[in-house]
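The structure appears right after this line, and notes come after that.
Below, each value reflects all heavy atoms present in this structure, side chains not excepted, and no hydrogens, waters or symmetry copies.
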Amino acid sequence: ELEQAQEAYAVLQQMTTYMSLVIGEKDTVTIDFFVQCEEKKKHLEKLEAEVANSKATVEKGFSKKEGPFVKELDAALQSVGVHRQQYFGGAFVGNHVHKALKLCNIQKQCKCLCETAKKKLPHRYTQAEHRTEILVKAFSMFARCHNIYDHNFIDETQAHALGG
């Protein structure tokens with residue numbers, strides 16, 4: 001959209017310059033072009049400011065506690081008794097990993113991301129639903145693997161189940 005606005009502004013500027021030379025500045029057609037040109041210029045400046053703001057946000061990044069998705073995911077995890085461990089840099093350890101990897105908890109965690117997308121980014125909801133399905137499958141497969149290799153010894157049947 002920014003590129004289109006820049007192109008439209010450049011064309012209007014050229015047309016306005018041409019019209020003012022050929023017809024004269026007092027002509028209403030030329031004045032209308034000047035008005036359109038100024039409107040496009042304002043729209044372009046607004047888009048450029050939005051892009052600059054977005055770039056600054058991306059460069060700055062987010063802390064672990066910022067953002068609607070992180071907050072909702074943390075709330076979903078805490079509702080099933082999974083908490084970030086401060087002394088491990090906010091990681092999940094021990095029994096919290098086991099709790100987080102239960103199928104019902106995986107579904108709850110992934111569902112909260114989809115619901116957050118529905119509230120905050122409704123135009124991305126369908127995409128969020130699709131990604132939620134993928135995440136549930138991926139985490140479910142990881143949970144099965146984790147349950148097998150979390151034990152000290154992996155027998156041949158378990159190795160085969162892991163694909164080895």
Side-chain angles (χ1 to χ4, degrees), residues 1-12 36 38-164:
E1 186 179 1
L2 177 61
E3 289 176 12
Q4 289 174 343
Q6 288 171 332
E7 289 173 15
Y9 178 69
V11 169
L12 280 174
Q36 277 187 330
E38 284 303 311
E39 288 172 357
K40 291 291 183 186
K41 182 178 179 183
K42 287 177 185 177
H43 182 67
L44 176 62
E45 288 170 351
K46 180 183 172 190
L47 290 175
E48 287 172 338
E50 288 175 9
V51 168
N53 189 25
S54 295
K55 284 181 181 179
T57 301
V58 169
E59 288 173 7
K60 175 188 162 205
F62 295 101
S63 76
K64 289 182 180 178
K65 295 181 181 179
E66 289 182 27
F69 290 98
V70 173
K71 288 178 183 177
E72 291 297 323
L73 181 58
D74 277 341
L77 288 166
Q78 289 177 12
S79 74
V80 296
V82 176
H83 305 281
R84 293 182 185 271
Q85 301 300 308
Q86 290 181 345
Y87 46 89
F88 285 109
F92 303 103
V93 296
N95 288 334
H96 290 171
V97 174
H98 298 296
K99 286 181 186 178
L101 291 176
K102 288 183 179 179
L103 181 59
C104 61
N105 295 340
I106 290 170
Q107 291 170 336
K108 187 172 189 171
Q109 295 162 48
C110 294
K111 185 179 176 188
C112 88
L113 297 174
C114 195
E115 290 171 356
T116 303
K118 187 176 184 177
K119 289 182 221 168
K120 303 288 182 177
L121 303 167
H123 62 286
R124 300 280 186 164
Y125 180 69
T126 304
Q127 185 180 20
E129 278 185 315
H130 177 70
R131 290 192 177 167
T132 296
E133 291 172 16
I134 293 169
L135 286 171
V136 168
K137 287 178 186 176
F139 279 114
S140 297
M141 290 187 331
F142 176 72
R144 285 194 305 268
C145 293
H146 176 75
N147 288 334
I148 292 172
Y149 70 71
D150 187 46
H151 299 85
N152 291 332
F153 180 73
I154 298 176
D155 64 28
E156 195 172 314
T157 307
Q158 292 169 328
H160 182 68
L162 289 172

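- For K137, the side chain to side chain contact (heavy atoms under 4.5 Å, CB included) test picks out no residue, with sequence neighbours left out.
- Residues F69 and L121 meet the side-chain proximity criterion, which asks for heavy atoms closer than 4.5 Å.
- Residues passing the side chain to side chain donor-acceptor pair (under 3.5 Å) test with S79, sequence neighbours excluded: K108.
- By the side chain to side chain donor-acceptor pair (under 3.5 Å) test, K99 pairs with no residue at all, sequence neighbours left out.
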Expected list for residues 111-118: side-chain donor-acceptor pairs under 3.5 angstrom, two or more places apart:
{"from": "T116", "atom 1": "OG1", "to": "C112", "atom 2": "O", "distance (Å)": "2.7"}

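- Summarising the geometry of V82 relative to A100, their closest heavy-atom pair is CG2-N, 3.8 Å, with the distance given to 0.1 Å.
- Contact of the N105 side chain with the L101 side chain is not registered, since no non-hydrogen atoms from C-beta on lie closer than 4.5 Å.
- With sequence neighbours excluded, the residues that form a side chain to side chain contact (heavy atoms under 4.5 Å, CB included) with H130 are I134.
- Shown here are the side chain to side chain contact (heavy atoms under 4.5 Å, CB included) partners of R131, two or more places apart in sequence or in another chain: Q127.
- Considering only heavy atoms from C-beta on, L73 comes within 4.5 Å of Q109 through its side chain.
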